Amino acid sequence: MKRILSSVTDGKGFDIGLVLLPLAFLFIMSGLPLVYNVVMSLQEVDMFSLGSFSRPFVGLKNYVDLFSQPETRPILLNTALFVSASIAGQFVIGFGLALFFWMNFPGASWLRGLFLVSWVMPGLVVGAIWNWILSGDFGVLNFLLREMGVTDGNIFWRSDPNYSLWAVIIANIWLGTSFNMILLSVGLSGIPKDLFEAAELDGANAFQRFWTITLPMMRSTIGAIIALGLIFTLQQFDLFAAITSGGPNNASNVTQYWAWDLSFRQYDFAKGATISVIMIVFVMLASVVYVRSTRHEVRG
């Protein structure tokens, strides 16, 4: 008995316990809800059977019914556009800011810190701010576009089907740009400056140095940022709830908001769980890309 207690407190048993405790916590808090969600997508669930685990099993019927609905295809296309445009905008602007602050001019450190304000703000607060900016009657964005001569009249960003999704995309790009900037700044700081000096002595211009040194040296960082961007963008819900509510007529609806709408507005819990399972698959694929991108850095 004494030997067992000794191994638990100061031996392999202690090390195993340190690993098992967080694994048990993750399994209870994340694993079980995930399994429950998958099971619910294979069952017939309504308000009366929601509290019971024993429900009629329907197999893949929920998936077949989901993809046969007329609104599924437009919503999936909206999701693809939202994810791709958000990731591209956040990455390009974030990379530009990272390169700008990499010049290390006076005041660069505190100015770069100001950009983190957008990242630490709650999504609903960001949505409320962009509601005012994108207002069709008195919004700041419309005022700037009119003053620059881009438009003649007001654009109703939140209620016009042609612009409602882009309203959320613009807000999401603003929200995630600082996160991209910080990670890319870390990646840039890890590149030896001797490489740039040697390339400059060999006659390489700024674009050639960027293309042949900066991008190849940051390949793992860029892969990790894109994977994390995909995960975070697929999780984005607050901006849709605060700005457009998926409207008008599903013009700005995406899968993450649709899953909530089906479950908690239409009380179709099985369909909501089905959409969540499909999203989990994409998040897992992005997680694989992230792990593979950072594996070399962890080993090094």
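If you're wondering where the values come from, they're calculated on a predicted model, not measured in any experiment.
When the ring-ring contact (aromatic ring centres under 6.0 Å, His included) test is applied to Tyr36, the partners found at least two apart in sequence or on another chain are Phe53.
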Next item on the list: Would you sort out whether Tyr63 and Leu42 count as a side chain to side chain contact (heavy atoms under 4.5 Å, CB included), showing the intermediate values?
Entry: CA-CA 8 Å; Tyr63 293 87; Leu42 302 174; 3.9 Å; yes

Next item on the list: Report the C-alpha distance between Leu175 and Gln236 in whole Å, list the side-chain angles of each, state the deciding distance to 0.1 Å, and finish with yes or no for side chain to side chain contact (heavy atoms under 4.5 Å, CB included).
Entry: CA-CA 11 Å; Leu175 178 63; Gln236 181 54 252; 3.5 Å; yes

Next item on the list: Using the side chain to side chain contact (heavy atoms under 4.5 Å, CB included) rule, take Trp157 and Ile133 through it: C-alpha gap first, then chi angles, then the decisive distance, then the call.
Entry: CA-CA 10 Å; Trp157 294 93; Ile133 296 175; over 6 Å; no

Next item on the list: Starting from the C-alpha separation in whole Å, work towards a yes-or-no answer on side chain to side chain contact (heavy atoms under 4.5 Å, CB included) for Leu215 and Trp211.
Entry: CA-CA 6 Å; Leu215 285 181; Trp211 188 259; 3.6 Å; yes

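Considering only heavy atoms from C-beta on, Val186 stays 4.5 Å or farther from Thr221 through its side chain. Side-chain atoms of Leu230 and Ile226, non-hydrogen and from C-beta on, never get closer than 4.5 Å to each other.
Around CZ of Phe232, the count of heavy atoms belonging to other residues, nucleotides or ligands within 6.0 Å exceeds 12. Atom CE of Met284 sits in a sparse spot, with 12 or fewer heavy atoms from other residues, nucleotides or ligands closer than 6.0 Å. With a 6.0 Å radius and a threshold of 12 heavy atoms from other residues, nucleotides or ligands, Phe210 has its CZ atom above the threshold.
Rounding to the nearest 0.5 angstrom, the gap separating the CG atom in Leu134 from the OG atom in Ser159 is 11.0 Å. Interatomic distance, CE of Met218 versus CD1 of Ile213, reported as 13.5 Å (0.5 Å rounding). Separating the CG atom in Leu239 from the CD1 atom in Ile169 is a distance of 11.0 Å, to the nearest 0.5 Å. With rounding to the nearest 0.5 angstrom, the CD1 atom of Ile275 is 7.0 Å from the OG1 atom of Thr72. Put simply, CG on Leu285 and CD1 on Ile231 are 10.0 Å apart, with the number rounded to the nearest 0.5 Å. In this structure, OG1 on Thr274 lies 9.0 Å from CG on Leu262, to the nearest 0.5 angstrom.
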Pair up each side-chain donor or acceptor in residues 73-102 with any protein partner under 3.5 Å, not counting sequence neighbours, and list the distances.
from  : atom 1 : to     : atom 2 : distance (Å)
Asn78 : ND2    : Pro74  : O      : 3.4
Asn78 : ND2    : Asn250 : O      : 3.1
Asn78 : ND2    : Ala251 : O      : 3.3
Asn78 : ND2    : Asn253 : O      : 3.2
Thr79 : OG1    : Ile75  : O      : 2.8
Thr79 : OG1    : Thr255 : N      : 3.0
Ser84 : OG     : Ala80  : O      : 2.7
Ser84 : OG     : Leu81  : O      : 3.3
Ser86 : OG     : Phe82  : O      : 2.7
Ser86 : OG     : Asn172 : ND2    : 3.1
Gln90 : NE2    : Asn172 : O      : 2.8

Could you tabulate the donor-acceptor pairs under 3.5 Å formed by side-chain atoms of residues 264-271, not counting sequence neighbours?
from   : atom 1 : to     : atom 2 : distance (Å)
Gln266 : NE2    : Asp261 : OD2    : 2.8
Asp268 : OD1    : Lys271 : N      : 3.4
Lys271 : NZ     : Gln69  : OE1    : 3.1

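Linking Ile, Leu, Val, Met, Phe, Trp and Tyr residues whenever their side-chain heavy atoms come within less than 4.5 Å places Ile170 and Val125 in a single cluster. Tracing side-chain contacts under 4.5 Å through hydrophobic residues (I, L, V, M, F, W, Y), one never reaches Met29 starting from Val283; they form parts of separate clusters. Residues Leu141 and Met148 are members of one and the same hydrophobic cluster, defined by side-chain heavy-atom contacts under 4.5 angstrom among Ile, Leu, Val, Met, Phe, Trp and Tyr. Residues Ile155 and Val150 are members of one and the same hydrophobic cluster, defined by side-chain heavy-atom contacts under 4.5 angstrom among Ile, Leu, Val, Met, Phe, Trp and Tyr. Cluster annotation: Phe156 is not connected to Leu144 through the hydrophobic network of ILVMFWY side chains, with a link wherever side-chain heavy atoms come within less than 4.5 Å.
Pairs of residues two or more places apart, or lying in two chains, never qualify as side-chain hydrogen bond (donor to acceptor under 3.5 Å, both in side chains) while including a residue from residues 185-209. Residue pairs meeting the salt bridge (charged side-chain N to carboxylate O under 4.0 Å, His left out) criterion with at least one member in residues 53-68, sequence neighbours excluded, are Lys61-Asp65. Counting only residues at least two apart or in different chains, side-chain hydrogen bond (donor to acceptor under 3.5 Å, both in side chains) contacts with residues 119-137 comprise Asn131-Arg158.
When all heavy atoms of Ser164 and Ser252 are compared, the pair lying nearest together is OG-CB, 3.6 Å. When every heavy atom of Asn37 is checked against every heavy atom of Ala273, the shortest pair comes out as ND2-O, 3.2 Å. Nearest heavy-atom pair, Asn62 versus Val58, reported as atom, atom and distance to 0.1 Å: ND2-CG2, 3.7 Å.
Asn142 places no side-chain N or O within 3.5 Å of a backbone atom of Gly153 that could act as its donor or acceptor partner. A donor-acceptor contact shorter than 3.5 Å is absent between the side chain of Gln256 and the backbone of Gln235. A donor-acceptor distance shorter than 3.5 angstrom exists from the side chain of Ser276 to the backbone of Gly272, with no hydrogens or angles considered.
Aromatic ring pairs are classed by plane angle as parallel below 30°, tilted from 30° to 60° and perpendicular above 60°; the pair Phe240 and Tyr257 is tilted.
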